[in-house]
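Notes follow once the structure below has been shown.
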Amino acid sequence: MAASCILGMGGFILRSITTRVQSRLLVPCSALQNASFHNSAALEVNKNWERKNRIMFPPQLPGEPRRPAEIYHCRRQIKYSKDKMWYLAKLIRGMTVDQAIAQLEFNDKKGAQIIKEVLLEAQDMAVRNHNVEYKSNLYIAESYSGKGKYLKRIRYHGRGMFGIMDKVHCHYFVKLVEGVPPKKEETTGLDQAREYVQQLKDRTIIHSL
């Protein structure tokens with residue numbers, strides 16, 4: 001009798017221990033997400049640029065000229081400096097797609113090949129999704145770069161010393177518009193100087209006489 005009671009108590013203790021261990025191991029998924037997963041805003045991808053492709057315009061009137069198509073495309077977290085990418089983005093701004101691809105084809109920089117790939121993707125997207133008849137009838141209305149994530153790493157030096165280096169990333173954004181690019185107003189250096197002087201005259205200086 002005593003032996004059976006001891007065995008019964010031992011089985012009860014073992015069952016209670018196993019249930020406690022299982023309850024601690026099987027943590028709910030929400031608790032795991034809050035505890036061990038990185039969910040900061042720096043790693044979240046903002047899709048506002050691509051969402052502009054889904055804007056619905058009202059129907060046009062019968063005599064109204066056709067609205068030109070607009071294509072928004074980008075590439076994020078490129079292993080490249082945003083400042084180096086800015087020079088290439090500014091180079092092709094206002095060009096037609098064919099002119100921009102030709103300029104980037106003969107540029108030996110790493111960012112030039114990346115921008116060329118993005119332009120070809122946007123050109124293909126225009127024909128497939130935006131009802132563009134001729135893929136060459138596009139020009140670059142907007143082209144710029146943005147700052148991506150910066151990862152700090154250690155660079156080791158001699159005699160036990162070290163420095164901090166950044167693993168830089170950037171984003172590239174482009175907007176293609178159907179049609180012929182608008183003509184630029186040619187300004188001379190004298191016109192730019194007059195505009196700068198006029199800006200200085202028009203500014204408001206706080207706490208001045």
Side-chain angles (χ1 to χ4, degrees), residues 41-151 166-192 195-196:
L43 298 182
E44 293 176 2
V45 178
N46 190 357
K47 296 290 185 180
N48 289 335
W49 187 256
E50 292 92 336
R51 283 176 187 161
K52 295 181 180 180
N53 289 321
R54 294 183 284 177
I55 295 175
M56 300 296 291
F57 295 98
Q60 294 183 286
L61 299 175
E64 193 176 357
R66 183 177 179 272
R67 182 183 295 109
E70 296 180 353
I71 299 93
Y72 296 86
H73 193 46
C74 68
R75 182 174 292 186
R76 302 176 188 274
Q77 304 302 349
I78 304 168
K79 186 69 179 67
Y80 200 61
S81 170
K82 65 178 179 63
D83 299 322
K84 295 178 183 178
M85 186 70 81
W86 179 84
Y87 286 102
L88 297 168
K90 186 178 181 297
L91 171 69
I92 63 172
R93 198 179 299 153
M95 295 183 180
T96 62
V97 172
D98 295 338
Q99 290 175 351
I101 291 174
Q103 290 290 330
L104 297 170
E105 184 73 30
F106 296 98
N107 197 316
D108 57 350
K109 293 185 177 180
K110 174 186 172 182
Q113 301 305 315
I114 296 172
I115 294 179
K116 179 187 169 186
E117 292 174 4
V118 176
L119 290 180
L120 292 174
E121 291 173 3
Q123 198 176 25
D124 183 57
M125 188 190 306
V127 177
R128 285 189 293 106
N129 303 335
H130 295 270
N131 198 23
V132 175
E133 186 175 2
Y134 303 105
K135 66 178 184 179
S136 297
N137 190 25
L138 294 166
Y139 73 92
I140 299 168
E142 296 182 25
S143 172
Y144 62 92
S145 62
K147 182 178 178 180
K149 62 182 179 182
Y150 273 44
L151 304 176
D166 289 329
K167 299 279 188 178
V168 299
H169 296 77
C170 71
H171 311 311
Y172 175 68
F173 303 91
V174 65
K175 173 187 175 183
L176 301 183
V177 178
E178 187 179 11
V180 182
K183 293 183 179 179
K184 294 182 180 179
E185 296 182 0
E186 296 184 359
T187 57
T188 62
L190 182 60
D191 296 334
Q192 294 178 4
E195 183 180 357
Y196 175 68

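Owing to the predicted nature of the structure, the values given are computational and were not obtained by experimental measurement.
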Those residues that, when tested against [X], pass side-chain contact (heavy atoms from CB on, under 4.5 Å) (two or more places apart):
X: A89; value: S143, Y172
X: N129; value: M125
X: E142; value: W49, Y144, K175
X: D191; value: T187, T188, R194

Qualifying side chain to side chain donor-acceptor pair (under 3.5 Å) pairs, either residue in residues 104-118, two or more places apart:
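Listed once each, the pairs are R75-E117, E105-K116.
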
Please collect all side chain to side chain donor-acceptor pair (under 3.5 Å) contacts where either partner lies in residues 59-71, sequence neighbours excluded, each pair once.
R66-E178, E70-Y72

Within this structure, what is the [atom1]-[atom2] distance for the pair [X] and [Y], rounded to the nearest 0.5 Å?
X: N137; Y: Q123; atom1: CG; atom2: CD; value: 11.0 Å
X: S81; Y: H169; atom1: OG; atom2: NE2; value: 12.0 Å
X: K79; Y: K149; atom1: NZ; atom2: NZ; value: 10.5 Å
X: Y150; Y: K167; atom1: OH; atom2: NZ; value: 13.5 Å
X: C170; Y: R76; atom1: SG; atom2: CZ; value: 12.0 Å
X: L91; Y: Q103; atom1: CG; atom2: CD; value: 6.0 Å

Should S136 and T96 count as side-chain neighbours, where that means a heavy-atom distance under 4.5 Å?
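Heavy-atom side-chain distance check fails, nothing below 4.5 Å.
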
E50 and C74, any side-chain heavy atoms less than 4.5 Å apart:
yes

Which heavy atom in [X] sits nearest to a heavy atom in [Y], and how many Å separate them?
X: A122; Y: I71; result: O-CG2, 3.9 Å
X: A126; Y: L138; result: CB-CD1, 3.9 Å
X: F173; Y: G146; result: CE1-N, 4.5 Å

Evaluate whether atom NZ of K52 has more than 12 neighbouring non-hydrogen atoms of other residues, nucleotides or ligands under 6.0 angstrom away.
yes

Verify the neighbour count for atom OH of Y196: are there more than 12 heavy atoms of other residues, nucleotides or ligands below 6.0 Å?
no

Residue list, side-chain hydrogen bond (donor to acceptor under 3.5 Å, both in side chains) with [X], at least two apart or on another chain:
X: D83; value: none
X: H171; value: none
X: R128; value: D124

Any pair counted as ring pair (Phe, Tyr, Trp, His ring centres under 6.0 Å), so long as it reaches residues 95-135, sequence neighbours left out
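Every pair satisfying ring pair (Phe, Tyr, Trp, His ring centres under 6.0 Å) with a residue in residues 95-135: there are none.
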
Kindly write out the residues that satisfy salt bridge (Lys or Arg N to Asp or Glu O under 4.0 Å) with D166, not counting sequence neighbours, or none if the list is empty.
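For D166 the salt bridge (Lys or Arg N to Asp or Glu O under 4.0 Å) partners, ignoring immediate neighbours, are K152.
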
Decide yes or no on side chain to side chain contact (heavy atoms under 4.5 Å, CB included) for I114 and L88, but give the supporting numbers first.
CA-CA 10 Å; I114 296 172; L88 297 168; over 6 Å; no

Does H73 reach the main-chain N or O of V174 with its side chain, forming a donor-acceptor pair under 3.5 Å?
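No; judged by distance alone, with no hydrogens or angles, the pair does not exist.
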
